[in-house]
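We use all heavy atoms of the structure for the numbers below, so side chains are in, but hydrogens, waters and symmetry mates are not.
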2 protein chains.
Amino acid sequence: MTTAKMTVVKTRGISILLVDDHPVVRQGYRRVLEHQDDFSVVAEADNAANAYRAFKSHGPDVVVMDISMPGASGLEAIRNIRARDADARILVFSMHSEAAQVKAAFAAGASGFVTKGSEPAELIAAIRSVARGEHAMSDDVARVLALESLVPTKSALDQLGEREIEILRQFAAGSTKEQIAANLNLSTKTVQNYHYLIKAKTGLRTDAQLVRLAVECGLANL
Amino acid sequence: MTTAKMTVVKTRGISILLVDDHPVVRQGYRRVLEHQDDFSVVAEADNAANAYRAFKSHGPDVVVMDISMPGASGLEAIRNIRARDADARILVFSMHSEAAQVKAAFAAGASGFVTKGSEPAELIAAIRSVARGEHAMSDDVARVLALESLVPTKSALDQLGEREIEILRQFAAGSTKEQIAANLNLSTKTVQNYHYLIKAKTGLRTDAQLVRLAVECGLANL
DNA sequence: TGCAGGTCGGGAAATTTGCCCGACGAAACT
DNA sequence: AGTTTCGTCGGGCAAATTTCCCGACCTGCA
């Protein structure tokens, strides 16, 4: 309470850390964002580890992060940053808008979620919101999330148990049932049964569809 | 020889058509490119059909195109544009740098191929090269291609026949063997045999691995 | 205490796979 | 023209897997 003033470091301008693994793309965002007078991109990073380092050394007001990076460790990066600074504002900037992915991002500690399909104005507005400590998401993300909160939405993964999810993950990664059984210390038969159960619960028929599901839910990184 | 001067329409400035399905990304590129004094982005498009229309009406010097668009019709768009104007300069700007994808792009009529992992300077240099009528590609693409021309490179897809590739594509898209058989007017047995052959030729064991292969080769868009 | 549900695996019939085969047409080589 | 190769298409059959049902155990919860 009495230390409130201490947290107000910058009343003017929003400093931004940009995280994306594509240099040209990053450069593009940088220009879009710096076109705003009160934005300044103070650092860039091309992977999760560098993002964490850059956050530590620059302490930006907002982190704008593409979570689909090599190693798919985007969510990990969010968790790491939040673990260090629970007040960190992280805005996820993703290609996709799967409900599960969005939820995972927020669960990991993101403050906002904007898709690359959004207009630049939406991204900019979201950054301002996040900087103010609010939560933000682009219209399309909101729509997906709203829809899924109306319909009880068995969003696929929710109906799966922990074991089932783990097996789905390894399966989508390309492991054989035998390998999975060995990894988890189960009988091959059990893994087969889980495989069957997963298909039954999700209503999917094809292994390929399972892989797609896993990827969509952020379980697997293709 | 004697008509050399006729082809020199613009000695000053390069007009560009930007094709990418993500508005923010497009905006970013636009700023990066327009930062070059002699570049001007005269039009944008967010899908294959619009790209073709924009090309018709603006006749840009260079088309900068992300080929991973909804409908995966990027290659189609290239073919369409080239069919209309065999002199069209198209620079592909892709996330991936699979040899097969690069080859497909050039086969379709692209003049250049730059990955999003390249530095902005590389993209800009490539645009200039392409505008001059040369072929261009970023260093990483060149490396992949060079490597694959040295080693006989069974780059997976090359060893597959046309039918096999089509079946792999549909399979990775999530179709069942019955559906594929129906689509292609084949017996289920034949599709099964192809499925077996694909696994045998690629050395892959799991359906999930096949899906990954298809995605990596740009056959399927997840 | 009793119920629900996740985890683990057996069993048996039905289905699919793995691998081999032959046939046909087209392109390529001799 | 003859032949070799290669892609396409499918049959056959044993072996493997999937499907679906079952029981058992453990944990949390009412």
Using a strict heavy-atom distance below 4.0 Å, which residues from residues 191-200 of chain B are in contact with DNA chain D?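 Heavy-atom cutoff 4.0 Å gives B/Asn193, B/Tyr194.
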
Take the protein atom [atom1] of [X] and the nucleotide atom [atom2] of [N], then report the distance between them rounded to whole Å.
{"X": "B/Ile180", "N": "D/dC9", "atom1": "CD1", "atom2": "P", "answer": "13 Å"}
{"X": "B/Ile167", "N": "D/dC9", "atom1": "CD1", "atom2": "C1'", "answer": "10 Å"}
{"X": "B/Lys189", "N": "C/dT17", "atom1": "NZ", "atom2": "P", "answer": "9 Å"}
{"X": "A/Leu210", "N": "D/dT18", "atom1": "CG", "atom2": "P", "answer": "11 Å"}
{"X": "A/Asp207", "N": "C/dT16", "atom1": "CG", "atom2": "P", "answer": "13 Å"}
{"X": "A/Glu164", "N": "C/dG5", "atom1": "CD", "atom2": "C1'", "answer": "11 Å"}
{"X": "B/Asn185", "N": "D/dT8", "atom1": "CG", "atom2": "P", "answer": "16 Å"}
{"X": "A/Leu204", "N": "D/dT18", "atom1": "CG", "atom2": "C1'", "answer": "16 Å"}

Presence of B/Thr190 side-chain N/O under 4.0 Å of D/dG10 phosphate oxygens OP1/OP2: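 For D/dG10, OP1 or OP2 has a side-chain N or O of B/Thr190 closer than 4.0 Å.
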
OP1, OP2 of D/dA16 versus side-chain N and O of A/Lys177: anything below 4.0 Å?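 Negative; the distance criterion is not met.
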
Carboxylate-amine/guanidinium contact B/Arg163 B/Glu166, below 4.0 Å: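 Here B/Arg163 does not pair with B/Glu166 in a salt bridge, since their nearest N and O are not under 4.0 Å apart.
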
Does B/Lys116 make a cation-pi contact with B/Phe93, if we ask for NZ or CZ under 6.0 Å from the ring centre and within 45° of the axis? yes

Sub-3.5 Å donor-acceptor pair from the side chain of [X] to the main-chain atoms of [Y], do we have one?
{"X": "A/Ser111", "Y": "A/Leu91", "result": "no"}
{"X": "A/Arg212", "Y": "B/Ala172", "result": "yes"}
{"X": "A/Thr206", "Y": "A/Gln209", "result": "no"}

Rounded to the nearest 0.5 Å, what's the gap from CZ on A/Arg205 to CD on B/Gln179? Could you check? 10.0 Å

